[in-house]
Amino acid sequence: MKKIIMLLVTHTLLTGLLAGCGESTPLLTAVDYELDVETNTTNKGVSVGDTPESFLAAYGEYKIFTSVDGQDYQVLPTEEIPFDSESTVITLLPTFFIDGLPADTDFLCEENEIEKADLLTFLSSEDYLSSHTVVYYYLLFTWENGVIADIHSSHMNYNEDSSYYKEYSAYPAN
């Protein structure tokens, strides 16, 4: 299950990075990714059983990636996310942290004069990782019949095993 989630998140990461440069959105902080596992509640007060209204009140201003029935992730306007679908809907909130601070992918692209398609390769390169700490955090919400059925929070530390992520740096994103 963990490998499936890692593949899913890696695919989303690539899709998000390819779409990420060019739009400015607020960034979540490391504290925002904390999840109380006993109550399955996020730091922003969203929990299993909550409705789209509660979710959007907490996360509506952030870039939300959405997948329906395992299809590719897309960034949809909040009013187009099919929360009430009979299909399983997954929403994802990802952020890269560089040296402990949330990073804007637009800024990273501009500052390093790289194309958006090259950002993941850049961030996972030995040269970059030798002088920076790169951690990818994400919150994953699973929706069933208009309510949150599960919440998962995790992170991937590129400095601990960048070779794992390099395998996916050429993964095609739609």
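Everything numeric here is computed off the predicted structure, so don't read it as measured data. Below, each value reflects all heavy atoms present in this structure, side chains not excepted, and no hydrogens, waters or symmetry copies.
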When rounded to the nearest 0.5 Å, the distance separating CD1 of I64 from CG of L56 is 5.5 Å
Name all residues meeting the side chain to side chain donor-acceptor pair (under 3.5 Å) criterion together with T133; count only those two or more places apart in sequence or in a different chain, and write none if there are none.
-> none
Spacing of L93 atom CG and L140 atom CG [to the nearest 0.5 Å] = 9.0 Å
Which atom names give the shortest non-hydrogen contact between N43 and V31, and what distance separates them?
-> ND2-CG1, 2.9 Å
By side chain to side chain contact (heavy atoms under 4.5 Å, CB included), which residues pair with T142, not counting sequence neighbours?
-> T88, I90, E144, D150
Write down the atom of G146, the atom of P52, and the distance for their closest heavy-atom approach.
-> O-CD, 3.2 Å
What about L76 and V68, same hydrophobic cluster or not, with Ile/Leu/Val/Met/Phe/Trp/Tyr joined at side-chain heavy-atom distances under 4.5 Å?
-> yes
Quick one: CG on N40 to CD1 on I151, what's the gap to the nearest 0.5 Å?
-> 5.0 Å
Can you measure from CD (E34) to CG (L139) and round to the nearest 0.5 angstrom?
-> 10.5 Å
Set of residues satisfying side chain to side chain contact (heavy atoms under 4.5 Å, CB included) with respect to T39, sequence neighbours excluded | D36, T41
Minimum heavy-atom separation for D69 to S87, with atom names?
-> OD2-OG, 2.9 Å
Could you tell me whether a side-chain N or O of N159 sits under 3.5 Å from a main-chain N or O of L129, the two making a donor and an acceptor?
-> yes
Any residue meeting ring pair (Phe, Tyr, Trp, His ring centres under 6.0 Å) with F122, in chain and number order, not counting sequence neighbours = Y128
Nearest-0.5 Å distance, OH of residue Y138 to CG of residue L28 | 15.0 Å
Close side-chain approach of D50 to F141, heavy-atom, < 4.5 Å | no
For the student: nearest non-hydrogen atoms of L108 and A103, plus distance | CD1-CB, 3.7 Å
Honestly curious: do Y62 and I148 fall in one hydrophobic cluster under the side-chain, below-4.5 Å linking rule?
-> yes
Decide side chain to side chain contact (heavy atoms under 4.5 Å, CB included) for C109 and L119; before the verdict, give the C-alpha distance in whole Å, the side-chain angles of both, and the deciding distance to 0.1 Å.
-> CA-CA 7 Å; C109 292; L119 186 56; 4.2 Å; yes
Y137, Y73, F65 screened by side chain to side chain contact (heavy atoms under 4.5 Å, CB included) with P94, the one that passes = F65
Same cluster or not: are V48 and Y59 linked, directly or through other Ile, Leu, Val, Met, Phe, Trp or Tyr residues, by side-chain heavy atoms under 4.5 angstrom apart?
-> yes
Of the non-hydrogen atoms in P102 and F97, which two are nearest, and what is the gap between them?
-> N-CD2, 3.3 Å
Indicate the atoms forming the closest heavy-atom contact of S131 with D99, along with that distance.
-> O-OD1, 4.2 Å
Nearest-0.5 Å distance that lies between atom CZ in F96 and atom CG in L120 | 5.5 Å
Does D32 have any salt bridge (Lys or Arg N to Asp or Glu O under 4.0 Å) partners at least two apart in sequence or in another chain, and if so, which?
-> K44
Sequence neighbours left out, what passes side chain to side chain contact (heavy atoms under 4.5 Å, CB included) with L101? Give chain and number order.
-> none
Check side chain to side chain donor-acceptor pair (under 3.5 Å) between Y33 and all other residues, then give those that pass, not counting sequence neighbours.
-> T95
Can you list the residues that meet the side chain to side chain contact (heavy atoms under 4.5 Å, CB included) rule with N145, with sequence neighbours excluded?
-> none
Under the side chain to side chain donor-acceptor pair (under 3.5 Å) test, residues paired with E80 that sit two or more places apart = none
Same cluster for V134 and I114 if Ile/Leu/Val/Met/Phe/Trp/Tyr side chains link at under 4.5 Å?
-> yes
How would you list, by chain and number, every residue that makes a side chain to side chain donor-acceptor pair (under 3.5 Å) with D127, sequence neighbours excluded?
-> none
Run through V75, V89, T78 and flag the one making a side chain to side chain contact (heavy atoms under 4.5 Å, CB included) with T66.
-> V89
Go through the structure and list residues passing ring pair (Phe, Tyr, Trp, His ring centres under 6.0 Å) with F83, not counting sequence neighbours.
-> F55, W143
